[in-house]
Structure formats: C-alpha cells, structure tokens
Amino acid sequence: MTRTILSSFAILFFLLAGCKKDNYEKPASTLTGKVVYNKEPIGLRSRGVQLELWQHGFQLFTKIPVSVSQDGSFSAMLFDGNYKLVLLPGNGPWVNNTDSIDVTVRGSTTVDVTVQPYFIIRSAPVTKNGTEITATVSIEKISAAQSLESISLYAGKTNIVDQVNNQGSVTVNAADIPDQSQPVTIKMNIPAGLVTQNYFFARVGVKTAGVAESIYSLPVKIE
Amino acid sequence: MKRLYILSCIILLMAACQKDWLDREPRTIISDEQVWNDPKQIVALLANFYDRIPAENGLTDVNDDGDGRLFQWRNMANYDEGMWSGQSNEDWRNNITSYGYDSWYLWNYTYIRDINLALENIEKYGLNLSTAQKTQYTAELRFLRAFNYFNLVKRMGGVPLVTTRLVYDYSGNVTNLQLPRAKEAEVYDFIGTELDAVKDQLGNDGSATRANKYTALALKSRAMLYAGSLAKYNSLMAAPISTPGGEVGIPASLANGYYQKALDAAREVISSGAYTLYRSNPNPGENFYEAVSKKASNKEVILVKDFLLPTRKHVFSYDNIARGIREDNLGSSSVVPSLNLVESFEYLDGSNGALKTRTADNTDFIYYNTPADIFANKDARLYGTIIYPGASFKGLSVSIQAGVMVWNGTRYDVVEGSDLGTTYTDGKLLTGTSGPHRSIQEVSNTGFYLRKYIDPNDKTSTRGIQSDMWWIWFRLGEVYLNAAEAAFELGLTGDALTYINTLRERAGFGASSLSTLTIDRIRNERRVELAFEDHRLWDLKRWRLADKVWNGNPSGPDAMIYALYPYRVVRPGDAARDGKYVFVKMTAPRIRAPRFFQLGNYYSAINQKVLNNNPKIIKNPFH
C-alpha cells in the first residue's frame, strides 16, 4: 500500500515537472521612438498611423503593426533581433519613403523615424471669445508633391481630439483659402456638448490631398 | 472425407474470385463521365455554383473567409443604411472605429478553379451531350465566372485573370503558376467581352433563378457603369488612387466608352419587354414592397437566389421582424434602418426628405395628431422599405413610441419606460411594444424596422417554420437606374430623366416629376430604390465618395447613425398639444463610433499569405 502511494506521488511529481506554465518567453525588449521632422515630433490622430515591423528569417512572415500615438511617439514590446521598420505608403501625412529602416533590438532601443511631411503647422493658437473659438493657423508647405485639401478645427472633451474624436468641427477647404502662406482664421461656435464644460480641448488638423491622415497641432486646453 | 472437404473449400474460394474484382466501379463516387453526360447532374453542379456567388449582404449567415463563401445579412448593419439592434454580442457593428483594410476581402480562386475545371471537363467528357446543351452549360459557367470576376474587381481592383485550370507539373518550379494582377480596366473588359460572347447562348428564357440573356445584360450594365464611374471619379480626386501598372486606377479617357456600354446593355434589357416594372398593387407603398418581396407573377426580378419552404429556408425574418409583432419568443429587430436613410426619401413634391420635428424658428416641437403624420406625403418607397412609427405589417399595427413628454409648467420632462409595452400613469401608452428603446437588445434603437425582405406570411418569423424570401441579385429597377446614370454621364439628360421619372412615378410621384437632373439626385434615387440590396457600399466606393460621406466625424450629419424617437405629449389643459405626438432626432444611443472609411479602404488589402505565395502580386495602394 505504502509503495503504491509513494509511486503514485512519484508519478504525479514527474507529471508536474513535465508541465511548464507557458512554452515561450514573452517578448521583453522595448522599442520606442518618435516620428520626427527637423527633430520635432509630428502631431497625428490617435491610433491613426501605423508603422510596420517585419522580421525576415522565420517561416511565419507577417507584419507587426505599431500604432503611433497622437504626439508622434510609438512603442512596441519585441524579442531581441533584427527588424525592418517600414512606413505605410500614403498613410501618414508625409512623403512616401519606400526605404525601410534597419532596427536592431537589444533590450531597450530607441529609434526616431525621420519623415518629410507635406505640410507642417508653424503655429495654431486657439482662443475663446464668448461662445466662439478662433484658431489662427500658419502652415508651411514642405513638399510640393501634393496639394492642400483642407484645414479643420476640432473641439472635444478630452485631450484626445481629432477627426474621429470630437464634439464639433469646422473645415475650411483649400479652395476657400486664397493665400496659404498667410495665417488662416477658423471660427467655430462652441459645440452644444461643450458649452457647460469648465474646460475643453481644441486642435487643428491639416489634410493633404491623397493622404489618409492629417497632420495635427498640439491640443490646446481652453478654459 | 477429409480430402473432399478441403477440395470443396478450395473450389469455393476460387469460385468467389472474379476476374476484375479489384477494378469495380465505385458505388459511392460519381465519375466525370457520368457527371458530364447527365444534364441533371450538371444542373445540380450549376446549383452549387449559383449558391456560391458571394454577396456582402444576403439573407443567410454564411461567412467563410477561407473559401470566399459570403452571404451575410448581418453586414447590412455596418454602413449608413442601418445599425445593429439585435443581441448585444454583435454590438461591435455599432463601434467600428474604422473599417479595417482587410474589409470586403475576397480571393475565392477555389471557386474560379472549380468553374475552370467544369469548363474543361464538359469539353473533355461530355460526349453524349447535344451541342445545344453543351453550349448552354458552357455559357452559364462563363457567366458565373464573369460575375465572380466582377465581385473580385470591385473589392480588390485588378486581379489575376485565370481562365484555365492551373496544374503543377512537379518540376519544382512554380513560376508558371504565379500570375500577375491584370489591370483593373482589363478585368472589366474581360467581364464585358465574356458576357457579350455568352449572352445569346444562355437560354433559360424567363427564368429568375438561372442566368439568361437579360441577366447577362443586367450584369454588364452594372459592371460597365462601375468601370465608367471609377474611370471618371477616380481621376477627379485630388490625388487619384492608382498603381504604376494600372492594377488599380482606370484612365479617365475610358469613362465614356464604359458608360456607353452600360447604357446600351441597360437599354437592351428595358426595350426588350421581357421584364416590366412591378405595378400590380394600386397602393404604391405596398406595390414597392411586393416588387422586391412577392414571388408570384413578378416580372421585375431578373435574377434571384430563391429559397423554398419547407426545406430551403432562412431565419432572416426571425432575426429582423419588428419586435412587437414577432411570432417567436426570441429574436427580432437585429438590423434596423437609420434616420439617415429615412430622411433620404424625398417628399412627393420633390422637396428634401428631412423630417420636420421643430418649428421653423426652433422654439417648439411640431405636434402631430398621429405618429404616422410626420411621414405623410413621403416617397412611397419609404413605406415599402421601412416600418416607421404608425405603419403596419401583416395587418398588425406596429406600436412605436419611446415614451411621453410631460409638461411641468416650464418645459417637458421626458419619461421613458424601463420595459416595452408599458403604461403611463394616465392609463395610456408609455413605451410601445416595438420600442424604440435606448438599451434593451432586440428592440429597434433607431425607431424604425425593416420591411424589405421580411416575409409577410404567417409564422415565417418563427424558428420552426422560417422564411423562404428570395434575395435579389438583379431587378429591372436597378437597370433603369444604371441606364439613367450612364445616360446622364454621357450628356443624354433627356433619356436619363425618362428613366428616373418612370421609377419615381411607380413610387407615387406624379408623371414627369423631375424636369432637371443632377448627379446627386441620381445617387439619391439609387440609395432609396436599392436600400438593403447590397449596393450602397459599392456605389459610394465607385463614386469615390465613401471617404467623404463616412469621414469618421462624430459630429457630422452622415457618418453617425441617427434615430428618431416619438413621444406622446402629456399637457392637460392645452388642447392643441395634449395627446399629440412629437419627435426627437438624436444619435442612436447604441452607436459608439461614426462610420470611418479611409483612402486605404477603396481597395481591400491583399492577404499576406497570397503575397508570400506569389511575388508577382503587388499590394494595393495605402497598404
């Protein structure tokens, strides 16, 4: 009897030792960085722009998508290794660049992705006058490859404000802007959902024709 | 004795052997010779091919990405025609923050291979078929293949044109099987020439379930119209979507040629007299409903996917009938129309269809005697497509009321029931048996219900009996719209007006209700005539409007899904208002995110597996 019990314990022990909670280590290295022009990060739509990481040499060859947050930064948890970082054509508000960037991840790695935007927002102060907010937008054309489509002013409850997260928006089409080198003034009545708020956020987006995403200014807190 | 026994055993064993014992005909496998010489079996095979025609919407629940089998009614809730009000486990359809780049992906080369194989086998084995039979079946297979290439090209852009079976020769080299993508225009040209080649060989005159000459022409008019508008409107974009090799992007110079082909094909269908617009019911609203839904003596439908009780059936009615008149104890209300769609139906005097809920100076509600009054004098197709407050179905009135508005001396307090079919303290109705309700599942969230495609027969919304409503691939109404749009784009406004006015007259408008025409008007006609028939997405795509209409703007008029909630007014002492009905427009409460279609959605992303297997396939733009 004792032997039976002992041997069953031994078998149980072996069975348990054969188990491991997980077969693979989870990725532990971090890749962080920013999308920059002239060392300045580029303002984007939250979760709007995606970078792709590709790793050659394995049977499964598929992209690792990396979302860029609205301040132009991104991060990903990865295994150590050699990756290629690729910009999706026509996705972000910058000139297509088919060159991939070699990234070697060893522990924590930082990579800045330099891009050439079609436009940059030089300044976009937003002020509140009574029931109205006014943005004065100065843009600068960096690349002549694509033309301006529109400039929009967005207002929302949180500092995540963009094309799809807003309580109200006003868009001025390029055809209605006589001189793009001069500051453009956009006025908006404060949307009904924000009238009673103590403060809200406003942000300006500049849309380039033929590009999915706009380039944004930093969100401005309006009290 | 013993020797005799052994001998007899040996004889028995030998006698059991037959010369060709190992070469018998299998009893469970049908050989190619048997199939391709038997018209019944060929028709059975054709039925399989018809059944596998993919549609983004449909009436059943088929959604097999691997094989490209697609016939998914739930997708009706993903655009701006409607939203999801059914079980809350599909609420993601109300929260599509942006359409994925792999949306509407189709790569069903298994289907194309099956058809190519059938085409080769009918030639090789079908020796006992008559020439006429062989020609007809071949033509039908080629029609189905052309239809499938149309379904591919409208989603993916140019795709590899495979017209023969691709066979691996075990040489270790597969490059001869790796075909590059054809140009987008080449695929449309292929569809056009194939249909021209087979249209007179199809036979099947008068059939609504198998392709005949006019089915081929209806498909041709649709495909050529798509090609024409792609050529025109893509080039009008500030930055046209194209690839250097033309896999995506049709040159603008080809637009008129395609429009002309679309017009010619549509004219041939209309002038043939083989089909007529359904006008059997003197009530224009009921008539429009029957034009789509009634099977008996319906000369409007050209090709349908038919169902037949008691075996070939579906639960679309169970899932989508109005809540208050459901016959099962579960289900109902899954896809409900949006206010956006309701307001796109014009008033009969031709004015904009926006419903009037507030006085002109926006100080007070407009008070209506009955809930249905706000919909008075609307395009009759509204009645034929949608069950709105005050409308009835199957002879039963559908009780749609969100709650009551109680006057407290200075303003209204809104009272809504926590359950359906509730009574207010004054003993009258609070919330209707069909809602609308802000949060209960399987109740309309918008205040509207589907009528189109809902079965009018008794007990068809039960799971026990189910429905045999058919799905329309092509009907004459669409051919009129194809003709009108193509004629308008070619500058033949007079012809376009004739076609549009015929359709509008059937919808309850007066004769020649329009004397001028704009492209926006034609687009709106398409939206209201063909609602829920799997057209809206593809139309917005080919007009290059999808990224403008579904722009992701939560405060915009088009990308959000809106609802209309009716309330009964409780205001004793004010006879002009008490007991009347007012309406509130609002964002549908269960909608969490606006529709957001990006430039990269115009052509679906090709699966990485396909790209890995065939390096000659190039990616679509923006992916």
Side-chain angles (χ1 to χ4, degrees), chain A residues 45-50 52 54 56 58-65 67 86-93 96 98 118 145-150 152-157 161-171 173-175 188-189 191-194 205 207-214, chain B residues 95-102 234-244 248-249 362 544 546-548 550-560 585-587 591-603 605-615 618-623:
Chain A
R45 179 170 74 83
S46 176
R47 295 178 56 202
V49 174
Q50 218 179 60
E52 294 181 343
W54 295 83
H56 286 272
F58 294 91
Q59 192 181 10
L60 176 69
F61 183 63
T62 185
K63 71 175 174 188
I64 303 167
S67 282
V86 182
L87 300 170
L88 247 78
N91 181 225
N96 283 345
T98 47
Y118 293 107
Q146 295 284 25
S147 57
L148 180 73
E149 183 174 312
S150 61
S152 302
L153 172 62
Y154 302 103
K157 273 183 186 166
V161 184
D162 51 44
Q163 186 185 357
V164 300
N165 297 295
N166 66 64
Q167 297 274 319
S169 65
V170 171
T171 299
N173 288 321
M188 171 164 68
N189 290 324
L194 298 176
K207 175 101 166 66
T208 312
V211 179
E213 293 294 330
S214 304
Chain B
N95 192 18
I96 305 170
T97 48
S98 64
Y99 296 114
Y101 284 170
D102 55 351
N234 192 51
S235 308
L236 289 176
M237 292 180 92
I241 303 171
S242 62
T243 53
V248 162
N362 199 23
R544 293 293 187 253
D547 68 309
K548 304 271 181 265
W550 299 332
N551 59 5
N553 189 346
S555 52
D558 299 314
M560 273 313 248
K585 294 182 190 179
M586 61 172 86
T587 305
I591 283 284
R592 314 303 307 172
R595 307 303 192 202
F596 189 31
F597 185 105
Q598 293 166 284
L599 290 171
N601 288 120
Y602 276 112
Y603 295 95
I606 297 173
N607 196 306
Q608 187 62 36
K609 266 196 256 170
V610 174
L611 298 170
N612 290 351
N613 286 341
N614 183 353
I618 65 148
K619 285 185 177 184
N620 274 328
F622 303 104
H623 302 150

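Chain letters run A, B, ... following the sequence lines, proteins first, then strands; residues in each count from 1. Side chains included, hydrogens not; waters and symmetry mates left out as well; all remaining heavy atoms used.
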* **Heavy-atom contact with chain B under 4.5 Å, split by part of A:Gln163** =>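 A:Gln163 touches chain B through backbone and side-chain heavy atoms alike.
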* To do: Against chain B, label A:Glu52 side chain, backbone, both or neither, depending on which of its atoms sit under 4.5 Å from a heavy atom there.
  =>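 The side chain, not the backbone.
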Tell me the closest heavy-atom pair linking [X] and [Y], and the distance in Å.
X        : Y        : answer
A:Ser169 : B:Asn553 : OG-ND2, 2.8 Å
A:Phe61  : B:Gln608 : O-CG, 3.4 Å
B:Phe622 : A:Leu88  : O-CD2, 3.4 Å
A:Gly210 : B:Ala239 : CA-CB, 3.2 Å

* A:Ser152: partners by side chain to side chain contact (heavy atoms under 4.5 Å, CB included), with sequence neighbours left out ->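 A:Ser152 satisfies side chain to side chain contact (heavy atoms under 4.5 Å, CB included) with A:Ser150, A:Tyr154, A:Thr171 only.
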Examine whether an atom of [X] lies under 4.5 Å from a heavy atom of chain A, and if so say whether it belongs to the side chain, the backbone or both; otherwise answer neither.
X        : result
B:Lys619 : side chain
B:Phe596 : side chain
B:Tyr101 : side chain

* Residue among A:Pro89, A:Ala212, A:Ala209, A:Ser147 with most heavy-atom pairs under 4.5 Å to chain B ->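 Option with the greatest count: A:Pro89.
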* Asked: Would you say A:Asn165 and B:Pro554 make side-chain contact, with heavy atoms under 4.5 Å?
  ->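 Answer no - side chains too far apart.
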